[in-house]
Every structure is written in C-alpha cells, then in structure tokens.
Amino acid sequence: MELFHSSMHLLSHHSSFMSPGTDFLLKPIFIRGFSGSLHLLLLFVLLVSWLWKKFKVGDGGEAPKEGSRNRTALYYRHTLICCLAVSALSVAFCLFYYFSWYKHVWSEEKLVTLSDLAIRTLSWGAVFVYLHSHFSSSGESKFPFLLRVWWGFYFSLSCYCVVIDIVLYQKHVALPIQSLVSDAAFLVSALFFIYVGFIGSKEGRDTLLEEPLLNGSRDSSVGNTAESNKSTGDATVKIPFSNAGIFSILTFSWMSPLIAVGNKKTLDLEDVPELDKGDSVVGSFPVFRNKLESERGALSRVTTLHLVKALIFSAWREILLTAFFVLLYTMASYVGPYLIDTFVQYLYGRREFEYEGYALVSAFLVAKLVECLSQRHWFFRAQQIGVRIRAVLVAMIYNKGLTLSCQSKQCHTSGEIINFMTVDAERVGDFTWYMHDPWMVVLQVALALLILYKNLGLAVIATLVATIVVMLANVPLGKLQEKFQDKLMESKDRRMKATSEILRNMRILKLQAWEMKFLSKIIDLRKTETGWLRKFVYTSAMTTFVFWGAPTFVSVVTFVACMLLGIPLESGKILSALATFRILQEPIYSLPDTISMIAQTKVSLDRIASFLSLDELKPDVVENLPRGSSDTAIEILDANFSWELSSPNPTLKDINLKVIHGMKVAVCGTVGSGKSSLLSCILGEVPKISGTLKLCGTKAYVSQSPWIQSGKIEQNILFGKEMDRERYEGVLEACSLKKDLEILSFGDQTVIGERGINLSGGQKQRIQIARALYQDADIYLFDDPFSAVDAHTGSHLFKECLMDLLSSKTVIYVTHQVEFLPAADIVLVMKDGKITQAGKFNDILNSGTDFMDLVGAHNEALSALDSVGVGPVEKTSISKEDNNSASTTGAVQKVDNRDVQDSKIDDLGVPKGQLVQEEEREKGKVGFSVYWKYITTAYGGALVPFILLAQILFQLLQIGSNYWMAWATPVSADMKPTVTSSTLIIVYVALAVGSSFCILFRSLLLATAGYKTATILFNKMHLCIFRAPMSFFDATPSFYRPKCSGHEHFKSNWGLCLLNDTAFGIIAVMSQVAWQVFIIFIPVITACVWYQQYYIPSARELARLVGVCKAPVIQHFAETISGSTTIRSFNQESRFRDTNMTLMDGYGRPKFYTAGAMEWLCFRLDVLSSITFAFCLIFLISVPEGVIDPGIAGLAVTYGLNLNMLQAWVIWNLCNMENKIISVERILQYTTSIPSEPPLVIDSNRPDHSWPLQGKVDLHDLQVRYAPHMPLVLRGLTCSFPGGMKTGIVGRTGSGKSTLIQTLFRIVDPAAGRILIDGIDISSIGLHDLRSRLSIIPQDPTMFEGTVRSNLDPLEEYTDEQIWEALDKCQLGDEVRKKQGKLDSAVSENGENWSMGQRQLVCLGRVLLKKSKVLVLDEATASVDTATDNLIQQTLRHHFSDCTVITIAHRITSVLDSDMVLLLSHGLIEECDSPARLLENKSSSFAQLVAEYTIRSNSTFE
C-alpha cells in the first residue's frame, strides 16, 4: 500500500512539472487517436501477411510438414478466447457510447473514440481469425514474433492509458466510469498476452492432448485412439467431470471435448467417457444396499420408508448441495422484483446518490448471474442424483429377481418385474427434479409476501389468502391424480405382461393363425389403460387451467384489496408486484406437477418396496458340504417338498435318496410324475416342508426347455469361464456341435437371437449340454436333454457325454428313453411325486408294475420294428456309422463342401451376415417429415391452428393486462392517475380472465391431441409388429421394440411453441421501449443459434444412445428372470449381477452426459441473455430523463428479468423436442420400415370352405433361405405327400426338417420353387386361409397365461363339451377335473405350473378340436414318455385316419407306421419311399437310422 501511495505521489509530482506544450499527451483525443492508429497498423500488417501467404501457396510454396499439427503453443485456445473477448468488449463499448451520445452534439473527441473502438473490434477479430485459420495448422510451438512484438506495444499502450487515468484522477478531472472500466479491462487482457507471448511460450503442447477425451484420459489419449473403449475398472482412466477444475465445473467446460467430438463425427458409446465411481452403480450400490439392510434390520419386509432413507443416504452430499443451489437461486431470483420500484423511481428522477444507476445495473446483473449459475448446477446435480438412484434401484430389483422363489415369481410375471425397472425406477430417478419443490415453494411464497408487504402494505394478507386457497385446491386434484396414476400403472402392467408373452410366442400364434385375435386382446387391454389415461390427461388439463389462472387470480385479489384499503397503486409498486407474481407463478404452476410426481413416486416406491419384500429362495433348503468332505454327493432323508406351501398335497413325498460320488442315476416315470421337480429340489428351487437335503460339490444343470442367452455361441458355452481351447474342442466334439458350427457362416462366433430363436431345438439342447460339460462340475443334473435330438445324436451324446466325459462325475438324468436306463447305477421310478421303485435296471424290472408299464410300452414300440422286417443288424453297422463311412458318406461330404462354399460366397457378398443384427439406430438430423407426420397424426393436424391461436391470444391478453397496469397507473403518488381505480381493475380483470380461458382451451386441445396421437401411434405400431414376418422376431429381441408414449411427447413438443411465443412477447415489449435493443439482440440470438447448432449433433446422438443402451439392460433382465434356475445352478449369480451393473453404467453414461451437455448449452445461453438484459438496463439509465416513460421502461425490465430463463427454455425445448422426437422417430421407423407378411386374406383368390379335401401336398424344386444374406437351408426339394396318408420326415439335427414345416405354413417364403396343396399354390392365397386350414403340434409346447379353456380355444369357437372331449382324447381330462377351477383352472405365464409333457398334450388337444385335413407333428412327442407317446400315436391314428399327417420325429417308432418316409440330409432329399422298401435295402440311410435306434434300444451303454 505504501508503495502504491508513494508512486501516486511521484506521478502527481511529475505531472505538476509537465510543460504546457506536453499537455496534449493527457488529452483523450490523443490517446484514442494513437490507439486507433496502432490497431489500424496491425490490421494492415495482418492483411499483407494474409495476401503474402495466399500468393506464396499459389506459387507452389512448401506445404506444411507431415505431422506438423502435433504441437501448438501453450495457451493457444485461451489466447483465441481472449482475442474474441477483447473484440466483443470493444464492440460493446462502441455501441454503448453511440447510444449514450447519439442525441447530443458530436465532437471530434467522440468521433475519434468511436473510431478507435470500431478499429479495435476489427483488428482483434482479425487476430482471432488469423490464429484460428493459419497458426493452428502451422506446427509452431511459439506465437509469431511480430504478433508478440505487437502485444508488447499493446501492453505499453494499455499501461499508458491507465496511468493517464490515475493522473487525471489526481488532478480531480471527472472521468466517465465506462472509460475507467474499459481501460482496466484492456490492461488485464494485455497482461495475459504478455504472459503467453513472452513468459509462457517456452514450451509447446501436443495437440493430441487437446483432442476430446474419448475415454476420459488425458494421459493415455494417444493409446486410446486404438482402443477407446477401456474397461470401467481401469485405474488409469480419468473422468472429465472428476478431474475438472473449479472454473471448468462452474462453466461446464469439461463437457466441451465431448461436444466437439459429436460435432465432428457421429457419437458412439465408446466416445462417451466413463462415469465417476460415485455415480456408477459399482460405486454407489454397496452404500445403498448396506444402508437398506441396516434400516431393515431383522425384518424380512422392506417398507417404503426404509427405501427412501437408503436412497437419501446414498446421495446425501449431492442432495444437500442441490438444496444450497435451490436456496441461492430462490434468493437471487427475488432481487430483480425487489429493485424494480427503485429503478422506476430512478428513471423518474428520484436519485439517492451519484452512481445509483450503475449500482442498480450491477445488482441486477450479479443477481442474474448468481441465479443462472445456481439454477444450472441445481438442474445438473439433480439429474446426477437421478442417474445414481435409478441405477441402484435397478440393481436392487435385478438382484431380487435373481433370488425370487417360485411362488413369488407366480405373483409377478417377468413383464411386471421389467415394469418395476423400466417405469418405477425411472420415475423415482426423475423425482430428483422435484425433490426440493415442497420447501422451495414455502420459501418463495414467504419472500414474495415480504416484497409485496414492502410495496403494498396490508394488501399482502389478501395475497396470502389467495395463495393458500390456490394451493389447497391441489389436495383433491393431487388425490385424484394419484388414484388415476395407480389405476393407469395397474392396467399398464397387465398390458405389458400380455404383450411380452405374445411377442415371445409369436411363432405359435402365426402357425395357428391366432395373431389377430391376440392383437385384439392387446387392444382391449390398451383401451382399459387409455380409459385411465384419458381421465389422467384431462385432470391434468384442468389442473393446468387452474394454475395458469392462479397468478392472475392472486394479482386481481391483491389489487382489489389495495383499492378497497385505499393503498395508492403506483406503476413502480405494481410492476414490482407483477414481477413477484410472475416468479410466484413458477411454484404455483409447478405445484400440481410436483404433487402429481410425489403421488406417482410414492406409488412406484410402494411397488418396488412390496417387490423387494417378496419371499426369496430359502438358503436352508440345501445343506452344502465342503467339496471333498464326503463320499456322498447327494443325500435326501425323509424329505417332503411342495411348490405351493398352502397345498395339502406335497409335490414330492417321502423322498429318500443317497447318491455316492461318480454314480449315474436315471429318473423315469409318466408325464407329471415329479421327475423335473426332483431335480429342482436338489437344486434348492422347491420349498422344503420337512427332511434334510445335503449336497457335496459343485453342480451343473441342463433344463428340459433350453435356456440360451443372446450372444455368441462361444459365450454361451464358456458361460463365464476362461477359454481352455483343448477342453473346449473336446466338448464341441462330444456334443456333436462341430458339424453345425461348420455350416454356420460365423462358426461359434455366430450371434444367437433372443432365446436361441435362430437355432433348432436340437442345437439349443446341445449347446446347453456343452455349457454344462465345460463347467467341469462335480454333480450333473440332466432334465431329459435327449428328447430334442435325433436317435443317432442322442446315442452319441449319451455315450460321449454321460458315459465318457462324465465317467467320473455324479450324474442324475431324467429320461423318457428306456434304452438309456440300463447304463445307470440306480434307476428311480416316479409316480405321483413319490419314488415308487429304485435299484439296478434288471433288479426292478420284475418288481413293480409302474416300471413294467414304461418298459412294456417301449418293447411294444420296438415290436413295430420287427413287424416291418428289420432283421438282425451286424455290429459293424455301428462302427460304420461312428466312422461316418456309411453308404451316404460321399453325398454328405459333397453337401458339406457345397455348404461351406455357399457360406463363403455369402460372407463375401454380405460381410455382416449375422441373422441377429444390432439394433438399427438412425443417425444425423431428425427429418422434418417426422415432425410433420407426428403433428398431423391426430385429426390430420386440425387442432394445431387452434392450439397456436389459443396460445397467441393468451400471450397477447397477458402482456396487454400488464401493459395496461403499467400505463394506467401513476409513477408516484403526487401524479394524477390516468383512469379511475374501478376502470383500472375492471379492464385488468377482463384481460386476465380472457387469458385464463385461452389457457383452458389450449390445455384441453393439447390433452385431446396428445391422447389421440398416442392411441393412433400405439395401434399402428402394434399392427405393424403383429403383421411382421417371423424373421423380424428372430432378429429383433422383444425388448428392442419401442414403447409408445405419444401423449408425453406431444405435450413436450408443443411446450416449445408456447415458450417461443412468450419469448417473442418479451422481445417485443423490450424493443417497444428501446428499439436499439435489437442491435444487441441480433448478435446474441445469432450466437444462441450457433451454440444450439453446435450442441445439437452431440445431444441428438446421446439421446439415441440412451434409447439404444436401455434395451440391452431390459433384455438381460428378461433373460436372467427366465434362466434364473440355470444361473443359480451354476453359481453364476455374481457374474450376472456384474454384467447388469456394467449394462446399467452403459445406460447411465449417455444419460449423465446428456444432462451435462444440456447444462453446458443453457449456461452459455443464460450468460448471453444476461448480456442482453444488462445492455438494455445500461441503455435505460443512459438516456436523458423524460425521454422514456418510466412505467413502460419498468415493464420492459420486469419482462427482461425472465428473458434469460425463457431464452434458455426456448433453446432447451428445441433440443429437448429433438431428443424426444427420436422416440417418435423410432415408432414411425417401426410403422414404416418393418416389412409386412403377405395379406392374411386375398379376397380375389379365397379357397373353398372345404379346402383341402384330400390334403395332397406337392413340393416343386423348393429352395429356402432365412434371409437374403444367409445360405440355402433347403436346396431344391421335389416330392409329393399323398392325401390322407401318413408321411414321416427324418434326418439328422439341422438337416432342414423344421424349415420344411415352416415353409409349409409360410413362416418362411421360398426363395424359389412352390408348394401345392390339393393343386392350389399356397403362395397365391391369404396366410390366414392357409394356416387356419392346417394344424400343427409344434416342437416347443406353448401355453399362455390364462385358463385351460383359453389355451385350448383362444378364438372361442367350441363348446365346453367339445373341449372336455378333446381333453379326454389327449389323456388330460382326469388331470383337469382334479383341479378346482376345472376348465377355468389358472395357467401361469408360459404354462410353468404344467409339466413339459402336459403342455405337449394341451397342444395335441388343440389339434383334436380343430380337426384339420392336414396335420403336422413337429417333434410332438419329444417331451413325453414312451407310454404316453404310444397313447398319442393311437389317438392320432384313430382320429386322423383320413387326414394327411406329416410327422417329424426323432423316435423312429413314431414314423415306422407311416405310409411314406422322407429322409433329409443337409437340405436335400436323400431318400423318399415307404418304410418297408427302404428297410429292405440294408445300405439305405433310413435302414441305418433304424439299425442305430434298435441297437441303442437294446444296448446298455456300459
């Protein structure tokens, strides 16, 4: 300080000695003229430099060296920003001086000052352009020498200006404050240039470090160019948000690199940086789980309160931080309304101190900036908390779904559980926007009342009463909305459950021609849902009306109270009150939304809490002994198990079993005897009533219905284990998978569709077996895995897998094939849930009737072989087959070669030949056509003009009412009012009521249009999906199909035009006061639009990534729920939990950075609008007194206070609309791009009602492939199936049997050739005409949730008597009669409360009801025992004696009594003749298949 004072003294002393001749050096005209000349010289040098470079390059000058972009000067970007800032500052001062002086006499000094600022603007702009266009690519590590010299001059000049200011101040010369501010600002910039030019330019920087942080790491960005997608656990990965400095966090600059990348290329997930550990589910979930467990204590039930406490605890720091920002924002937002009266009085001439105007402008501006910063960080942090809360809830729901007991699963279907994750957890995450609203409203109302009391005195009591009345009106509305929301969620659950089940089983629906019936079922469920939705949206519309009218109502009540109490209404006080009401409008308007959101969130939290309280699998069912601690692998003593604990009859009764390590145990019995339940109880899946169950060792399980994950075949087999190539190859060999993998274009890298949809039943089963074998467990449990494969493959699997690879392991296998029983050490015979017989095969053969029945049925089937003349088979035939040296070897080899060639050709032609492709993602800008289609969906867009008209009228009337109050009231008490008090209030009330009714009209129209749009889009999309070909379902997982919520999109999109309207209104009011505002508006709006255009590409792709990354989470969840038994049996729960967490973080990343990008943009727009507002204020205080009406000027400021918020909201809505419209784009993509199946009915070519009369099927050169880029599966089949005859189709797994059947039903259309039925080409008639005349018992027996009746007769075409008759024929009549509901007995999701064999019999019942002339059996008896198989065959022979029956079977006995046998091999007909003729030729392939079956059946495999 002493130094400063001494220097001041020295300067003043020196100045006193200055000669009169040098006085001009202190004159502003000299300083400004000299500065202008120097800047003009700079401009000239830059121009010459540009021309020199241009001509030099034109003459073939030396190009920059390769790699020269690798280094740039330090602080290059900061220098660019500083140049731009100096240019912007110069233009701002230039405009300010112009508007301050334009009504005064122009002097030379003023002209020179303006010229100096104008030249400064151009020269610094030119420096910016020069650095950006030339220097950035020059490779220099230092700034050019001449530029640094110029910066030295600029610094000297700036110092001189400041020194002169100080000297003049010492001489008591009055200086304009703006001159001091400009000189100080230019000196600061000059100091920066000196630093970067001379001190900080000693080292350069690698520009690769300036590249956007693709994976958040500055240090490793070079390496990351090769592999940008690093694992989340990598300790070296730096996260932009976590590593950002305070300035970067305040201004959201840490988002700039990502937005820069998005502006250069289409963003992909690997471009999006990782989440901070605290925001990722990996870091936040343990905290949440531990807190929830400590809250719950010993209670088994999770209450909503426990859940809320744990959620708050997991993010308490961020919640407190957002609370601080909300407090700051609320306080800052009321500074403007508080100061407006003072500002109006200042304009009127009442000034309290010299620089009051500048102090007011500074207060307004600082408050605006604080408000902007706090609001942006509040919104961002709220979304950050939302990402975290959503992630931990989904992880919790997922973990619960993995441990649910069977009874709990029956209470909640997979569709409902998925809804907990997609709807409820999402809603709780969204609530973070609203969590501070309840206390914020109280604070805002309190501050508003204080300001109003200052201005209007006791009239504030009326304001308080009116506000309380308005808020109390929320209570009934809130309750009503909660009720409607509750009902809406219930109906949505029911619809989602039905939809997911239908989409999962679309193949069977298409085969049976039921899809339209089930679509109408979905539409009916949707109608119930939309009934509640309609009530909900119209209640919301009424709420909107009430609360848009609320501020008007409050202001009318207040002004009337003022009039009655005799309180003088002055324009300043009224404007302050109006500004306060406008801010109060936000909490009052958002209050219904908040209450609605609280209601919805409470419903969601209740639902999640009730789900988390469901019973889990009891850990004490199985007592796991340490590995190797006992010789006994499995021991069950006096145990009773029951799926339903409330049922009086246990599922398994009096079970006693002891299995020593290395033993093979076979389990057999009739359909529904409890075989699968026995395996489930060993796995610990069935609740234990009594007894003990001990297990020693690890276990592996192969279920009866295959569970295959989406993903590569290799991933399915490894199932989390490390690759051991030798072991892997051995497992493939043992499971006969090598041949299949050779045929597949991508081998074991082939991507499997949802639930293994693009694999045959046999392939799925063998992949399951391979998965189990690769695990190298101690105990293996096989639930009838051989039923889905042909005889040869079954023998091979049994021999290679069970008897060879697993020779030292403990194996329990359920089987219906009697021939596999002799190899077992113990055979268990089950009946009615009891083990009726146990022992060696030969020992129990003669000791009981149950086993004799099974073996007898098998022998009866074998006797059929003798009746067709199968002679003794030489042992060599097996070795021949095993060595693949049968007579057909040459043909097979030939086919294989051709197959490989085909696949190679296909690979060359279509590099992406996978059947299952990644979800299609639109890229680039959303086209105008999407918006247009969307707007015109409801009533052809007829409501749109009325919505716009209502909004424009609302805006005009509202602005009119405020303008009226500002114009008609006096500025101060000593002025005479323009109109009487009563006229003032009457006109105001009339305008206010008119604006409220416009809002009512708009709200109702919006609700109607939104509701109608949602309904139309829903119906269109579902019709398109239900009419899609089966290939669409094979290649598209059901959870990638979009959900339709058009109502919400409609509201958000129309919010944009409403806000635009408001913004234009504000600009109009401000410009009416001072047209000069347009001069600053234009560059600011240009900058806003530029920012928006720069931001949109990144935001659009991030929004798309959110949608794309959500589907894998849901799909993984759905797969986990359906395969939870398998996952638990392999002890893979932790791996699946980790995968879920990884997927959740993959979904959270784009969500988090979308929020960051939004606030990055909004912050910049807020700053720009604050500049506009500041310019307007400075202009108003600069104009002479009396030029502008203070009341109208005050109105402009009142509106200007909201400008930054509205300007940001307009751009935010523009961006949000584009983000939201992406959902509509996806829906429209589904409605337009999905290919449709051929017509269901062709009216011009309908077959006769009696068609087909004979049922003759002719194939002519039939060629079939599943997709244009896939190889042929059927390669030119030509043959006939005689009418009324039985035809058996046999062949190895994957030979094309099921494909032929799918072609017959036109699930797949032929690539070439045709199929005729009774002379009619099936391609020429409608699909329903074809499929409804054919019957099929499919390979995968399917039952739907509902009743026995609805499963047998979904179209409601038959009487109860006919249904009972069909049930009796298929041996299910007695079983159904035992059930309490009889035909109305409940069937759970996927028919899980029925055994596999019973489901197969239900499918038989369906065809018995239908009585078609052509019947197809696709492995129809694979899941039933031999005795039941014989019964089914007898039933079919009896009831379909005059029908064409086409049978695909792995059991040779099922086709031996056929009239004709067709043997397929790799898509070609190898043999086609009667069984007897084929068997006569011992070298025929069919004879060899029969020989294998006979030998296998007579073999003990020992």
Side-chain angles (χ1 to χ4, degrees), residues 241 249 252 275-276 278-281 283-285 287-288 291-292 304-330 374-397 420-441 443-444 485 586-587 590-609 1048 1052 1102-1103 1106 1110 1144-1145 1147-1159 1162 1212 1216 1219-1220:
F241 178 63
I249 284 175
F252 295 95
L275 290 172
D276 180 52
D279 295 318
S280 72
V281 69
S284 53
F285 179 67
V287 178
F288 170 75
K291 181 63 181 172
L292 187 62
T304 308
L305 185 62
H306 293 154
L307 206 55
V308 171
K309 281 183 178 177
L311 287 172
I312 291 171
F313 182 79
S314 65
W316 67 271
R317 286 186 188 85
E318 286 74 15
I319 291 170
L320 283 178
L321 189 60
T322 50
F324 171 71
F325 286 135
V326 170
L327 183 67
L328 213 57
Y329 164 75
T330 308
S374 53
Q375 188 184 35
R376 298 279 63 90
H377 285 277
W378 162 29
F379 283 179
F380 173 69
R381 295 286 180 170
Q383 290 176 85
Q384 183 187 11
I385 298 166
V387 167
R388 190 180 300 182
I389 283 176
R390 191 181 296 111
V392 296
L393 282 176
V394 169
M396 200 73 198
I397 293 164
F420 291 132
M421 191 178 76
T422 55
V423 178
D424 294 302
E426 199 78 26
R427 184 171 289 122
V428 176
D430 290 341
F431 180 70
T432 52
W433 283 94
Y434 302 85
M435 64 183 167
H436 296 298
D437 282 13
W439 67 265
M440 187 177 81
V441 167
L443 179 62
Q444 284 178 317
Q485 178 65 26
E586 186 192 333
S590 64
L591 198 60
D593 277 348
T594 305
I595 287 174
S596 167
M597 197 64 192
I598 289 170
Q600 292 176 38
T601 307
K602 185 181 177 300
V603 169
S604 291
L605 283 167
D606 289 343
R607 282 158 53 86
I608 293 170
E1048 287 76 8
S1052 71
L1102 282 169
V1106 169
K1110 189 175 184 177
M1144 267 313 294
D1145 281 343
Y1147 171 54
R1149 273 158 61 200
K1151 197 101 173 157
F1152 176 84
Y1153 287 99
T1154 298
M1158 181 67 77
E1159 301 313 324
C1162 288
W1212 188 88
N1216 198 37
N1219 292 353
K1220 293 272 188 188

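In this chain, numbering begins with 1 at the start of the sequence shown.
R427 places none of its side-chain heavy atoms less than 4.5 Å from the side chain of R607. At a threshold of 4.5 Å between non-hydrogen side-chain atoms, the residues I608 and M396 do not count as touching. In this structure, the side chains of V428 and D424 stay at 4.5 Å or more apart for every pair of heavy atoms. Within the 4.5 Å cutoff, side-chain heavy atoms of Q384 are placed close to those of F1152. Counting heavy atoms from C-beta on, the side chains of K309 and L305 come closer than 4.5 Å.
Ring-centre distance between F241 and F252: not below the 6.0 Å cut-off. Outside the 6.0 Å centre-distance limit, the rings of W378 and F324 are not counted as a close aromatic pair.
Ion pairing between a basic and an acidic side chain is recognised when a charged N comes within 4.0 Å of a carboxylate O; E1159 and R376 show such pairing.
Between H436 and W439, the two ring planes are perpendicular [angle over 60°; tilted spans 30° to 60°].
Atom NE2 of H377 sits about 8.0 Å away from atom CD1 of I249, to the nearest 0.5 Å.
The salt bridge (charged side-chain N to carboxylate O under 4.0 Å, His left out) check on D430 picks up R390, with sequence neighbours excluded.
Within a 6.0 Å radius of NZ in K602, other residues, nucleotides and ligands contribute 12 heavy atoms or fewer.
In terms of heavy atoms, T432 sits closest to A382 at OG1-O, 2.8 Å. The two atoms that bring A315 and I385 nearest to each other are CB-CG2, 4.0 Å, heavy atoms only. Across every non-hydrogen atom of T1154 and A1103, the tightest pair is OG1-N, 4.3 Å.
Side-chain atoms of S284 and R388 include no donor-acceptor pair closer than 3.5 Å.
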